[in-house]
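The block underneath contains the structure these notes are about, expressed in structure tokens.
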Amino acid sequence: MEWTIQELAARAGITSRTLRHYDRVGLLSPSRVGANGYRYYDSGAVARLQRILLMRRLGMGLPAIAKVLADEVDTCDGLRVHIAALEEERDRIERQIRSVRHTLEALQAGAEPRMDVMLAGFNDRYKDEVISRWGERAFQVSNDWWHGKTLDQQRAWKQDTEDLVAAWVAAAKAGLSPVSEHAQSLAARHVRWLSQIPGTPTAEGDRERSIAMVKGLGDMYVDDPRFTGMYDDATGAAFVRDALHAYARTRM
């Protein structure tokens, strides 16, 4: 079975122009091009497009997606990673549905909704991962800290985070060494940013666990498809990882 470029674009909810761009950048080529110049896509191409669209939804840039696909040895392993990410998203949405239903039912009954239940699922996307890495208390304390902020405070925190990411990207694009003074100053800034989050090892002054946390985050920025595109591309993510590893090894 094959689809033309127009059929595939319509079924995928994208444009033919997008598919042609994916072909130009080497991300997704048609299975064949007919004598009439029409592009055709078979099930293998559609499966690859499915993965591209999933990674795009995770916020990854096209260069990072291309690297993930190029480095992949086993397609099935890659699909398993995507399934796990989708299952996490499904669980988060189900928690949101339960919290909104609680609010509706309480209001209909003339009762006051529980504030903690109303926000369940809206800021705990990585709850299970945080608990597995740093424990239940780390999640609960940091979650309470976040929900205790005003909207303006949350916006300010997010802006500080975006500024830090932008500084990392600029340093990577400038071709600096991860062990350069500027890169290490960014690593120090990154650790200070982490230390502002209650419940984390850096906030509690636990040196050994802080070193492990900083190194682990650096690895995650490179290895986890959800974060690979955070620093623009795989090269940027590797730059941040190497700088954080060097800082943890020599200055923490």
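Because only heavy atoms are used, hydrogens play no part in the values below, and waters and symmetry mates are left out as well, while side chains stay in.
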> Which pairs pass salt bridge (charged side-chain N to carboxylate O under 4.0 Å, His left out) with one or both residues in residues 158-170, sequence neighbours excluded?
Replying inline: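 Every candidate salt bridge (charged side-chain N to carboxylate O under 4.0 Å, His left out) pair involving residues 158-170 fails, so no pair, neighbours aside, qualifies.
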>> Give me each pair satisfying salt bridge (charged side-chain N to carboxylate O under 4.0 Å, His left out) with a member in residues 6-31, each pair once, sequence neighbours excluded.
In response: Asp23-Arg39
> Do Val25 and Ile14 sit in the same hydrophobic cluster, where Ile, Leu, Val, Met, Phe, Trp and Tyr count as joined when their side-chain heavy atoms come under 4.5 Å apart?
Replying inline: yes
>> Membership question, hydrophobic clusters at under 4.5 Å side-chain separation (ILVMFWY): are Met1 and Val33 in the same one?
In response: no
> Could you walk me through whether Leu49 and Tyr41 pass the side-chain contact (heavy atoms from CB on, under 4.5 Å) check?
Replying inline: CA-CA 10 Å; Leu49 176 62; Tyr41 297 82; over 6 Å; no
Of all the heavy-atom pairs spanning [X] and [Y], show the shortest one and how long it is.
X: Thr202; Y: Val191; answer: CG2-CG1, 4.3 Å
X: Pro198; Y: Ala203; answer: CA-CB, 4.1 Å
X: Leu53; Y: Ala12; answer: CD1-CB, 4.1 Å
X: Leu27; Y: Arg48; answer: O-NE, 2.7 Å
X: Ser16; Y: Ile5; answer: O-CD1, 3.8 Å
X: Ser29; Y: Ala45; answer: O-CB, 4.4 Å

Mind checking side chain to side chain contact (heavy atoms under 4.5 Å, CB included) for [X] and listing every partner two or more places apart, or none if nothing turns up?
X: Val46; answer: Trp3, Leu8
X: Tyr40; answer: Glu2, Thr4, Arg32, Asn36, Tyr38
X: Ala172; answer: Phe239
X: Arg80; answer: Cys76, Asp77

> Say you draw a straight line from CE of Met55 to CG of Leu69; how long is it, rounded to the nearest 0.5 Å?
Replying inline: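 Nearest 0.5 Å value for the CE-CG distance: 4.0 Å.
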>> Just verifying a value: how many Å separate Asp233 CG and Ile65 CD1, rounded to the nearest 0.5 Å?
In response: 12.0 Å
>> My understanding is that only residues two or more places apart in sequence, or in another chain, count here; which of them pass salt bridge (charged side-chain N to carboxylate O under 4.0 Å, His left out) with Arg189?
In response: none
> Can you name the salt bridge (charged side-chain N to carboxylate O under 4.0 Å, His left out) partners of Arg51, sequence neighbours left out?
Replying inline: Glu72
> For Thr18, what residues pass the side-chain hydrogen bond (donor to acceptor under 3.5 Å, both in side chains) criterion, not counting sequence neighbours?
Replying inline: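 So Thr18 forms a side-chain hydrogen bond (donor to acceptor under 3.5 Å, both in side chains) with Thr15.
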> Can you list every ring pair (Phe, Tyr, Trp, His ring centres under 6.0 Å) pair that touches residues 191-214, not counting sequence neighbours?
Replying inline: Trp157-Trp193, His190-Trp193
>> One pair to check against side-chain contact (heavy atoms from CB on, under 4.5 Å): Met230 and Val240. What are the steps and the verdict?
In response: CA-CA 11 Å; Met230 179 184 295; Val240 177; over 6 Å; no
Side-chain donor-acceptor pairs of residues 174-183 under 3.5 Å, sequence neighbours excluded:
| residue | atom | partner | partner atom | Å |
| --- | --- | --- | --- | --- |
| Ser177 | OG | Val179 | N | 3.2 |
| Ser180 | OG | Ser177 | O | 2.8 |
| Ser180 | OG | Ala183 | N | 3.2 |

Atom pairs and distances, donor-acceptor, side-chain atoms in residues 244-252, under 3.5 Å, two or more places apart:
| residue | atom | partner | partner atom | Å |
| --- | --- | --- | --- | --- |
| His245 | NE2 | Lys215 | O | 3.2 |
| His245 | NE2 | Asp219 | OD1 | 2.9 |
| Thr250 | OG1 | Ala246 | O | 2.7 |

>> Can a donor-acceptor pair be found, under 3.5 Å and without considering hydrogens, that links the side chain of Ser210 to the backbone of Pro201?
In response: yes
